[in-house]
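To start, the structure under review is shown below, and the notes come after it.
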Amino acid sequence: MTPPATFTFDSPGDAERAAELRRVKALATLVLASTLALFIVAKWLLPVHPLFGFIAAFAEAATIGGLADWYAVVALFKRPLGLPIPHTAIIQSNQARIADKLGEFIQVHFLEAGPVEAKLKEIDFGSFVADWLRDRKRSDDLARFALRLLPEAFSATETSGLMTFIIRRMSSQLQAIDLAPLAAGTLRGFVAEGRHQILFDDLLRVMHETLNQKETMAMIREKVRAELPTLLRLYRADKFLVNKIVASATAFFNEVRSDAKHPFRSEFDRMVLSFVDRLGTDQAYIDRIAGLKRDLLARPELAELARTVWANTRSFIERSASGETQVLQHHLAGMFVAAGEALAGDAELRGEINKGLVTVLRSFIADQKSGVSIFISDQVKAWDMAQLISLIEINIGRDLQYIRFNGSLIGGLAGLALYSVEFLLRWL
């Protein structure tokens, strides 16, 4: 039972085990030959002394036991002496049944939901992911790999028509958005935070500065002068009136700006809130905002802007993928490392990841275990049985050869015991 010439020893220690098998096999054959020779010699010397009868009985039974066990070991793997003896070459003859039973055994005893779930729960997937991402070199490699895929993804998006679909989908989604309630809600939050008062103060400041500019005062004076009677113009009442108007307005603005509870501020609040309410409920405002949105989305400049942004983004990613710039790669790697650090410090998130992966993998294995069983069965059926038998023999053949030693020893002792009983009976 030597390994076929086509068999290769590629597992660690296979060559050593094969050499040890050959040595033990040769020793077992030598023992068999020795018991046969001892039987012949003892039978030849039996007339010399009755003791040789005991030796011959031991050798004869040992030879028979050794031959029987040699047959049993050989019959397990192939046909003894190539003879078509029934119930020999057991492994080869039952290859299909062994394959089916092995697949069934794996499915029933290894891939059942309970043992699979228990084993999966022993694995801390979250910590593994966190440790993997925290390694800077691995994150760099992951970022580099992702960047290499991005240009292909961009090209596939453009050539497959996915980009057109995305644009149309985004456009339809934007068209469906009702901006009036959204704008009203945003402004209402703006007012609730008091940020409109900051805008009001800036408006008062601008009005104060504008009124006190020479150009503004000159313009107001010209307007007042045009409305005054000729007599008042002679007394330059226009200048007096303008100065009084500007002074009064400036004093009023300063008063409002310095008093957070000034009634004018409350009036401004009421005016703004009234506008916000009308913005969200008045159909005229709603229609006007919807029209502005349609006009904006229909502008060719917007489509051109989208194409420019897309082209610039693609160019930047292609340059990053080619190594021309390392900015994006460093940013992605840093982002992966930061994600790993955050995950390492968040036990709750790691627990959620572990639960999720256990659920997913358990369901996947449950759905695929019958396929795994069929795959294992098909693989075993497709194996080269000569090589499989050689592999089995290399790994367990040494122990099987010791059966031959035991068979010779036990057979010899049994034969000696029977001969002894027979010898005693003859003397009774």
Exercise. Check step by step if side chain to side chain contact (heavy atoms under 4.5 Å, CB included) holds for Leu142 and Leu133.
Key: CA-CA 9 Å; Leu142 180 59; Leu133 289 174; 4.0 Å; yes

Exercise. Name all residues meeting the salt bridge (charged side-chain N to carboxylate O under 4.0 Å, His left out) criterion together with Arg134; count only those two or more places apart in sequence or in a different chain, and write none if there are none.
Key: Asp131, Glu341

Quiz prompt | side-chain hydrogen bond (donor to acceptor under 3.5 Å, both in side chains) partners of Thr29, counting only residues at least two apart | solution = Arg404

Quiz prompt | Point-to-point distance, once rounded to the nearest 0.5 Å, from CG of Leu150 to OG1 of Thr313 | solution = 11.0 Å

Practice problem: Applying salt bridge (charged side-chain N to carboxylate O under 4.0 Å, His left out), name anything that partners Arg138, two or more places apart in sequence or on another chain. | Solution: none

Quiz item: Which heavy-atom pair separates Gly340 from Ala130 by the least distance, and what is that distance?
Solution: O-CB, 3.7 Å

Practice problem: For Thr35 and Phe58, run side chain to side chain contact (heavy atoms under 4.5 Å, CB included): C-alpha distance rounded to whole Å, both residues' side-chain angles, the deciding distance at 0.1 Å, then the answer. | Solution: CA-CA 8 Å; Thr35 57; Phe58 174 84; 5.6 Å; no

Quiz item: Which residues pass the side-chain hydrogen bond (donor to acceptor under 3.5 Å, both in side chains) test with Glu20, sequence neighbours left out?
Solution: Arg23, Arg398

Practice problem: Check for a donor-acceptor pair, side chain of Ser377 on one end and backbone N or O of Ser373 on the other, with a separation under 3.5 Å. | Solution: no

Practice problem: Report the residues that fulfil side-chain contact (heavy atoms from CB on, under 4.5 Å) with Leu67, sequence neighbours left out, ordered by chain and then residue number. | Solution: Leu32, Thr63

Self-check item: Listed partners of Lys121 passing side-chain hydrogen bond (donor to acceptor under 3.5 Å, both in side chains), at least two apart
Solution: Glu117

Quiz prompt | By side-chain contact (heavy atoms from CB on, under 4.5 Å) - contacts of Pro151 (at least two apart) | solution = Ile317, Glu318, Ala321

Quiz prompt | Considering all heavy atoms, the nearest Ala333-Ala143 contact | solution = N-CB, 3.8 Å

Quiz item: What's the spacing between Ile403 CD1 and Ser408 OG if we round to 0.5 Å?
Solution: 12.0 Å

Practice problem: Measure the CE-CG distance between Met335 and Leu328 for me, rounded to the nearest 0.5 Å. | Solution: 8.5 Å

Exercise. Answer yes or no: are there more than 12 heavy-atom neighbours, outside Phe364 itself, under 6.0 Å from its atom CZ?
Key: no

Quiz item: Can you pull the salt bridge (Lys or Arg N to Asp or Glu O under 4.0 Å) pairs that have at least one residue in residues 64-76, sequence neighbours excluded?
Solution: none

Quiz item: Can you name the residues that form a side-chain hydrogen bond (donor to acceptor under 3.5 Å, both in side chains) with Asp124, not counting sequence neighbours?
Solution: Ser127, Asn354

Quiz item: Are the side chain of Arg350 and the backbone of Leu343 linked by a donor-acceptor contact shorter than 3.5 Å?
Solution: yes

Quiz prompt | Leu120 side, atom CG; Lys355 side, atom NZ - distance, nearest 0.5 Å | solution = 15.0 Å

Quiz prompt | Set of ring pair (Phe, Tyr, Trp, His ring centres under 6.0 Å) partners for Phe405, sequence neighbours left out | solution = Tyr402

Quiz item: What's the spacing between Arg136 CZ and Phe336 CZ if we round to 0.5 Å?
Solution: 11.0 Å

Exercise. Under the salt bridge (charged side-chain N to carboxylate O under 4.0 Å, His left out) rule, collect the residues that match up with Lys119, sequence neighbours excluded.
Key: Glu122

Quiz item: What pairs of residues pass the side-chain hydrogen bond (donor to acceptor under 3.5 Å, both in side chains) test when at least one of them lies in residues 139-150, not counting sequence neighbours?
Solution: Lys137-Asp141, Asp141-Arg144

Quiz item: If every non-hydrogen atom of Ala61 is compared with every non-hydrogen atom of Gly415, which pair is closest and at what distance?
Solution: CB-CA, 3.4 Å

